[in-house]
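Each remark here refers to the structure printed beneath this line.
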Amino acid sequence: MYNIKKKITSNNFSIYLRNFLSIRPSIYNNSKNIRESVSDFFYWDQTDDNETKFILTNICSHVLPEINQNDNVSIFIYNYNGKFIKEKKFTLSPFETIEVYFNDPDLIGKSGSFFVFHKFKEFGKLIANNCHIAERGYSGFRQNKGLWNFVHGNHYAAAINNNNKIYSLISKNFFKTTYKMQLSTQDTDNFSVIFNNPSKDNINIILFSYDKSKNLKIKKKLNIRPFCTEVTNFKNQSISYLEIKSNIMMCRPLIKKYYKTYFDIFHC
Amino acid sequence: MNYFFFLDHPDKDLKSSVEICNYEPISNFYNKPQDKKNIYIFYIESGSWKNEIIEEIDYGDRKIIEKNDLPNFLKNKNIFISLSSRKIKSNHSPIIDNSLDSTPAWRSNIKIFNNNSSCSYQGELPSSLLNKKLSLVSCSPFLQLDNDNFQNYFYLVNMYKEPIIEKFSVDILDSNKNILKQLTCYTNTINCHDLTFLKEFNYKNKMFVFRSQSYGGIPIYFSKSSDNSQMSLEHTHPPTEYLFSGNRMFFQKRKKSHWFE
């Protein structure tokens, strides 16, 4: 009985209704097949003196350590404009961890976002427990060959089906939701807010920026096309705080703050 | 209820702060009173929990609290901060309730900084963990050991309902489960360890595993350049974060069993 009730209340139409009525709203839709792998939509930046790397680990070994198997990984890389650049493939042996650098000649001078999907043969008890493998791992960013600044994955952004079609898991609401950042930006007058769109539909976002006295200073509308990455810069504008309004249930961006000698990047 | 903490660092050039917000990240996901709250700090003194109200904070406001701004007698103590509408006695133990439960989690900006740079992450320690004697398995790829100019530190933030400062060990393993080193940590403490000694070990596999069967906490990794001009701060995910939907705790237990065998 519990399983039937759960199935009824957690299908994607029910999630849409729950979100519409604000009754136990959900941030994510369900995937279509339990064997599908899930990934965040990670940011990368190889412009100017910026470099990006991704820590790629055999996730099977973390989740199913008793099964000795390789992990076949595909990284799908898009530029900031949503154009697919390429797929990079890796096979990781059990418990192997490598660093993937974004310094290929065709990525230099560019930026964008990427998915990391894992595929393997033995699912162990994953199917019985209704769990998907998900990549929410760690990206490193640095400038001028300096210290790597690490940031972990933010979302269960998308899944990939057997035909290599990527589809978004980010749930939406008919009404707009406001995401209130639980931090200020008053410690620097130079920062960027980074959004990306893992879905095939355009995403509309309104960014409200306030000064220290809570006066609205700038209201900016963003239209982010499929698989695009939008970096909004704030410099010398005395912005103290941001709110984000959209139909996305949890529209949480990355923030990159610049200080005198280096930068900080994290999910805000 | 969530708790926040100061990441004290032995380098006196580095300061710590917590930016605490009296508002939930998404109102649709929060159905509790949106009211004025007290900013509480909790600490242990003479084997008992003590608390103080620093100030009140209106709904919708934010407040940056620097460790250095606290009264002198608190500067050498491990401090846990939270928000509550309740008024409690000064010897009341940390409040355990669901008043800050929200989706996504109600967090604070936890920061290490100096006059030139800063690093932070959005963190929280849920009060539900205070009732549990946790264990730890943290697989960290964050250590930057290949540059002599960089220093790496491991923080383990442990908070437990009983006001005890108890010693426990954290093992550092390589991916073949070889124990490289044991660290001494304490309960109800923001433990901080310099990891320079790891430079002598083979780092080819890029992952060190920090484990403890006695107690757990929030594992946080801090790297900095020796002149403190560049810094990085990040925590590792709990094992459940490698999974989407379903009974994720089943696999968390199995992963821990694997590393504890």
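Letters A, B, ... mirror the listed sequences (proteins, then strands); counts begin at 1. Side-chain atoms are counted along with the backbone in the values below, which use heavy atoms only and exclude waters and symmetry mates.
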*Counting only heavy atoms closer than 4.5 Å, note whether B:Arg107 contacts chain A via side chain, backbone, both or neither.*
both
*Measure distances from A:Val38 to the heavy atoms of chain B and classify the residue's part below 4.5 Å as side chain, backbone, both or neither.*
side chain
*Part of B:Ile64 within contact of chain A (heavy atom distance under 4.5 Å)*: side chain
_salt_bridge(A:Lys214, B:Asp61) N-O dist < 4.0 Å_ = yes
*Have B:Ser84 and B:Asn38 got a donor and an acceptor in their side chains that come within less than 3.5 Å?*
no
_Passing option when B:Phe210 is tested against B:Phe142, B:Tyr155, B:Phe154 for ring-ring contact (aromatic ring centres under 6.0 Å, His included)_ = B:Phe154
*Under 4.5 Å from a heavy atom of chain B, the part of A:Gln186 involved*: side chain
*Any luck finding a side-chain donor-acceptor pair between B:Thr236 and B:Ser138 under 3.5 Å?*
yes
*Is it the side chain or the backbone of B:Tyr23 that comes within 4.5 Å of chain A heavy atoms, both, or neither?*
both
*Name the region of B:Gln252, side chain, backbone, both or neither, that has any atom closer than 4.5 Å to a heavy atom of chain A.*
neither
*asked:* Is a donor from one side chain sitting under 3.5 angstrom from an acceptor on the other, for B:Ser226 and B:Asn149?
replied: yes
_Engaged part of A:Thr178 at the chain B interface, taking heavy atoms whose separation is under 4.5 Å_ = backbone
*Modelled atom types, side-chain donor and acceptor of A:His155 and A:Tyr28, under 3.5 Å*: yes
_At a 4.5 Å cut-off on heavy atoms, which part of A:Tyr156 comes close to chain B: side chain, backbone, both, or neither?_
side chain
*asked:* Please identify, among A:Tyr179, A:Phe175, A:Tyr259, the residue contributing the most non-hydrogen atom pairs under 4.5 Å to chain B.
replied: A:Tyr259
_Please classify the contact of B:Trp259 with chain A as side chain, backbone, both or neither, using a heavy-atom distance under 4.5 Å._
side chain
*Side-chain ion pair, B:Lys63 and B:Glu55, N-O less than 4.0 Å*: yes
_Max heavy-atom pair count under 4.5 Å with chain B, selected residue of A:Arg136, A:His152, A:Arg142_ = A:His152
_My understanding is that only one of A:Asn149, A:Leu147, A:Asp264 makes a side chain to side chain contact (heavy atoms under 4.5 Å, CB included) with B:Gln230; could you say which?_
A:Leu147
*Kindly confirm or rule out a cation-pi arrangement of A:Lys125 over B:Phe250, judged by NZ or CZ under 6.0 Å from the six-membered ring centre and within 45° of its axis?*
no
*Under 4.5 Å from a heavy atom of chain B, the part of A:Met249 involved*: both
_Selection from A:Gly146, A:Gly153, A:Cys131 maximising heavy-atom pairs under 4.5 Å formed with chain B_ = A:Cys131
*Check each atom of A:Leu183 against the heavy atoms of chain B and say whether the ones under 4.5 Å are side chain, backbone, both or neither.*
both
*Please flag which part of B:Ser120 lies under 4.5 Å from any non-hydrogen atom of chain A: side chain, backbone, both or neither.*
both
*Relative to each other, are the rings of A:Tyr210 and A:Phe208 parallel, tilted or perpendicular (30° and 60° limits)?*
parallel
*Ignoring hydrogens and angles, state whether a donor on the side chain of A:Lys180 or B:Ser27 is under 3.5 Å from an acceptor on the partner side chain.*
yes
*Is a side-chain donor-acceptor pair under 3.5 Å present for B:Asn228 with B:Asn114?*
no
*Region of A:Thr57 in contact with chain B, defined by heavy-atom distances below 4.5 Å*: side chain
*When heavy-atom pairs shorter than 4.5 Å are enumerated against chain A, which of B:Ser223, B:Cys139, B:Ser118, B:Gly60 gives the highest number?*
B:Ser118
_Under-4.0 Å salt bridge between B:Glu24 and B:Lys32_ = no
*chain B heavy atoms under 4.5 Å from A:Leu169: which part of the residue, side chain, backbone, both or neither?*
side chain
_Heavy-atom contact with chain A under 4.5 Å, split by part of B:Lys111_ = side chain
_Engaged part of A:Gln143 at the chain B interface, taking heavy atoms whose separation is under 4.5 Å_ = neither
*Flag the one option from B:Ser225, B:Ser117, B:Ser108 with the top tally of heavy-atom pairs under 4.5 Å to chain A.*
B:Ser117
*Option in A:Thr177, A:Ile265, A:Thr188 with maximal non-hydrogen atom pairs under 4.5 Å from chain B*: A:Thr177
*Closest approach of B:Cys119 to B:Leu233 (non-hydrogen atoms, all atoms of both residues)*: SG-CB, 3.7 Å
_chain B contact via A:Tyr138 - which portion, at a heavy-atom distance below 4.5 Å_ = side chain
*Kindly indicate, with the supporting measurements, whether the criterion ring-ring contact (aromatic ring centres under 6.0 Å, His included) is fulfilled by B:Tyr121 and A:Phe266.*
CA-CA 6 Å; B:Tyr121 88 105; A:Phe266 56 99; 8.9 Å; no
*So which part of A:Glu135 gets closer than 4.5 Å to some heavy atom of chain B, the side chain, the backbone, both or neither?*
neither
_Proximity breakdown for A:Leu64 and chain B, heavy-atom pairs closer than 4.5 Å_ = side chain
